[in-house]
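Lettering follows sequence order; numbering is per chain, from 1. What you see is a predicted model; the values in this text were computed from it and never measured.
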2 protein chains.
Amino acid sequence: MASIRDVARQAEVAIGTVSRVLNGGSHVTDLTRQRVQKAIKELGYKPNPAARALRSNRTHLIALTLPELTNPFYAAIVEGVRQVFEPADFRLVLCSPNSSNNAVPQYIDMLANRYIDGLIVVFDRFSAADNNSIALFRLGRKGFPIVALGPGVASDKPDFDCITSQVPEGLKEAMQHLVEMGHREIAYFGPLKGVVEARLQAYRTALARHKIKIADSLIFRGETTLESGFSRAEELFQRQRRPTAIVAVNDMVAIGAMMALQEHGVSIPEEMSIVGIDDIPLASMVHPTLTTVFQPKEAMGRLAAERLLGRIEKRINSFSAIALSSQLIVRESTGPAPNFRPTTNGQPSAASAQNETMGKRRTLKVEEAAFKDQGNCIQRQRAD
Amino acid sequence: MASIRDVARQAEVAIGTVSRVLNGGSHVTDLTRQRVQKAIKELGYKPNPAARALRSNRTHLIALTLPELTNPFYAAIVEGVRQVFEPADFRLVLCSPNSSNNAVPQYIDMLANRYIDGLIVVFDRFSAADNNSIALFRLGRKGFPIVALGPGVASDKPDFDCITSQVPEGLKEAMQHLVEMGHREIAYFGPLKGVVEARLQAYRTALARHKIKIADSLIFRGETTLESGFSRAEELFQRQRRPTAIVAVNDMVAIGAMMALQEHGVSIPEEMSIVGIDDIPLASMVHPTLTTVFQPKEAMGRLAAERLLGRIEKRINSFSAIALSSQLIVRESTGPAPNFRPTTNGQPSAASAQNETMGKRRTLKVEEAAFKDQGNCIQRQRAD
DNA sequence: GTGAAAGCGCTAACAG
DNA sequence: CTGTTAGCGCTTTCAC
């Protein structure tokens, strides 16, 4: 394997000169540069990353920890992150959860021990008491470049950037949408704890706001997977009385629920409305297409990556909590509650139509493209 | 950040001694070792991986490239790989496909340039003409530790290990299963090219073997995703005449198809039988549970990892093509073809029963546990 | 069993 | 603008 020394010899220059063309490239004659580049090409020379890392304390590796691999939501975030780091010549290390469902500790270790230059942590749970969070805070305080992706960071004086989207606000819209269509028994499918707790909270708040009693029996504790959505929906069939709508913690759960319902012959949205969160690609491909709270996934990934890169390159030295906007996309999986007759203001609205004619291919649909990859954000910044 | 020098000073020994306890630990007095370990703990010393890598030409990083992130099949492979490399103190770099759907080139580069010690490539397509394959073969020939995971490696004199499972054999069983239950119009959903081509081929061969005409109109070209399965199944409804069974390139496609069919009120398996491949967790959770060709996913991951580790540690220096066994798991999604009356040998068999009573909760179900994580394999080895 | 010292390949500071 | 040189932190001889 050719080293910088070989290149220098071949080009008949000093190794320092080779290093100079390799990096910035400043202060080198065009002629010399060409000679060096020729030699590099001839020898197929590639700088040794270990030597570089040792000397410069930069590995050009950044890690991204994900709570799970199989949810397309995360795939979109990865794509956003890549868009920023690939051009910057950083390699991306994806960290999946290990068997005990925890990706973070190993990679905290990697960061602390100079394997990687920076870390983007996508949270599924976050509490100040959590060991990982504590380790992370400590590293952040020490100045390691870290960006957290996901809601619920408990501190307003964070030691790293926190990127979120305003899902609770979107969810509020979704609840409003359901209530306006006559739904009063609205179930929630999802975890009771962790980063998504705010969603459950938004669900509760919205019910209270509309003076609807919050029934514990309508809160179905589950995971964030298709499987979980499926089995929670199955449980509905063991009850005498079913809700008329389901709000799911994410699209995967929503689609899982749809599958179970359709298998039982329940028609959506005529007999049951369903709302998801995320707007994964699948959401607009299933039938009926899924009403969901859009999250700007790629934009979140890009933003996280840009902040992280800024910290690594020491361009950025303040911490921000940034919330990208999130919004309801009404598709076909939501419709008026069974037997609903609008009692409100003159406007007859779609909701007053017969159930049968509703649901499929409705026109309320919000233009989706408008939301894709936008960067609208609310920012709470704090100087360093 | 404490260095080995600091440790040596604190423990009042030479640098070399510290290094010795750090590594093998041989030829050190117990007393000295304790002194050193005490110092290491006190200083919170961690060896600098870059320096280590520079000196020893080992990064203790291995990469795993995946064609896609969201298929649980790959998650299971990752888990298997992790089980081997985590105890060996290697860090695992997961490589997702980039936008152009190709994970390999970047990581070939990482291997060639000493970022990583070894590479496991999970293929979705493989042809000798492919640039990636060529680069990979070249690296393999040069002695870089590489293991390919996936069928279809074209050479019988490979330059790296190839781990496969015998899906075509399992698929043959599946086809037999369908034909025995009277199915004659069996559709195939999946890509026409790439690593999964062998599955389409097995489908064709099986049809030929049972003297069933191969109709191009029954071969539905698609991807390997839930979405693809969904939309191919939708296409069925534009036809006057539908097949009675579908064989899908994997479980995701099969489940996607199930979703579309159920949405249209087609009952499974009474009106349509469906077979998948992989046996992902979801396969046994959907209703009806999915008949599928089991692949020993974790075992494949473990085996690939063990072979790779062996090469890295120079314990292994031969190349093998190893095929783990794969087998049909009959669940609820397959049943007799509509109007099927068995004409064969006396045995009345489940198939002769009325359709209505069939399908749900059938008893043909093969014990699944027996297949989990087994290591049965057919091995074709070649000395180095 | 332990210490001393060479150098892995590179960057950056300094001299010319 | 280019050459020389001193390490970065570690492993690994080679003496003792």
Side-chain angles (χ1 to χ4, degrees), chain A residues 1-40 43-61 89 110 112-117 312-314, chain B residues 1-40 43-61 89 110 112-117 312-314:
Chain A
M1 196 101 238
S3 84
I4 197 172
R5 209 183 226 81
D6 303 316
V7 176
R9 194 178 312 124
Q10 174 105 352
E12 295 178 298
V13 295
I15 62 175
T17 307
V18 178
S19 178
R20 249 164 265 146
V21 312
L22 245 39
N23 305 303
S26 52
H27 305 287
V28 191
T29 319
D30 263 4
L31 183 66
T32 327
R33 183 199 317 287
Q34 281 163 21
R35 281 234 308 279
V36 170
Q37 278 164 344
K38 182 157 165 282
I40 288 176
L43 294 161
Y45 166 76
K46 300 277 180 175
N48 181 324
R52 248 186 173 163
L54 174 59
R55 193 52 235 233
S56 57
N57 282 316
R58 288 272 90 98
T59 60
H60 271 237
L61 238 43
D89 196 33
M110 283 179 75
N113 294 306
R114 297 148 297 183
Y115 272 96
I116 53 178
D117 292 342
I312 291 172
E313 294 178 344
K314 306 208 187 297
Chain B
M1 196 98 239
S3 83
I4 197 171
R5 208 183 227 82
D6 304 315
V7 177
R9 194 179 312 124
Q10 174 107 351
E12 295 178 296
V13 295
I15 290 179
T17 307
V18 178
S19 178
R20 252 164 261 147
V21 313
L22 245 41
N23 305 303
S26 52
H27 304 286
V28 191
T29 319
D30 262 5
L31 182 66
T32 327
R33 183 198 318 287
Q34 281 162 23
R35 282 234 309 279
V36 171
Q37 277 163 346
K38 183 158 163 284
I40 287 176
L43 293 160
Y45 166 76
K46 300 276 182 176
N48 180 323
R52 250 187 171 161
L54 175 59
R55 194 49 235 233
S56 58
N57 282 316
R58 289 271 88 98
T59 60
H60 270 239
L61 237 43
D89 196 32
M110 282 180 77
N113 294 307
R114 298 150 296 183
Y115 272 96
I116 54 178
D117 292 343
I312 291 172
E313 295 178 343
K314 306 209 186 295

Q: Nearest 0.5 Å, what's the OG1-NE2 distance between A/Thr32 and A/His27?
A: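 Here the rounded value is 13.5 Å.
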Q: For atom CD of B/Glu313, is the number of surrounding heavy atoms from other residues, nucleotides or ligands below 6.0 Å larger than 12?
A: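 Enclosed: over 12 neighbouring heavy atoms sit under 6.0 Å from CD of B/Glu313.
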Q: Taking side chain as C-beta onward, heavy atoms only, is B/Leu61 less than 4.5 Å from A/Tyr115?
A: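 Contact flag for B/Leu61/A/Tyr115 side chains = yes.
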Q: Which pair of non-hydrogen atoms, one from B/Lys46 and one from A/Arg114, has the smallest distance, and what is that distance?
A: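 Shortest heavy-atom contact: O-NH2, 2.9 Å.
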Q: Give me the first and last nucleotide of DNA chain D, going 5' to 3', that has any atom under 4.0 Å from a heavy atom of chain B.
A: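 Nucleotide range in contact with chain B: D/dG9 to D/dT13.
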Q: What does the B/S/- profile of nucleotides 8-16 of chain C look like, 5' to 3', with a 4.0 Å heavy-atom cutoff to protein?
A: BBBBBB---
Q: Which heavy atom of A/Arg20 sits nearest a heavy atom of A/Val28, and at what distance?
A: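 Closest heavy-atom pair between A/Arg20 and A/Val28: CB-CG2, 4.0 Å.
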Q: For the pair B/Asn113 (side chain) and B/Met110 (backbone), establish whether a donor and an acceptor sit closer than 3.5 Å, ignoring hydrogens and angles.
A: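 A pair under 3.5 Å: no.
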Q: Determine the minimum heavy-atom distance between A/Asn57 and A/Asp117, stating which atoms define it.
A: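 Scanning both residues completely, I find the closest heavy atoms to be O-OD1, 4.2 Å.
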Q: Taking distance alone, no hydrogens or angles, what donor-acceptor pairs closer than 3.5 Å link side-chain atoms of residues 47-56 of chain A to residues at least two apart or in another chain?
A:
unit_1: A/Asn48; atom_1: OD1; unit_2: A/Ala50; atom_2: N; d: 2.7
unit_1: A/Asn48; atom_1: OD1; unit_2: A/Ala51; atom_2: N; d: 3.2
unit_1: A/Arg52; atom_1: NH2; unit_2: A/Asn23; atom_2: OD1; d: 3.2
unit_1: A/Ser56; atom_1: OG; unit_2: A/Arg52; atom_2: O; d: 2.5

Q: What is the distance, rounded to the nearest whole Å, between atom CZ of B/Arg33 and atom C1' of C/dT2?
A: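 Going from B/Arg33 (CZ) to C/dT2 (C1'), I get 13 Å.
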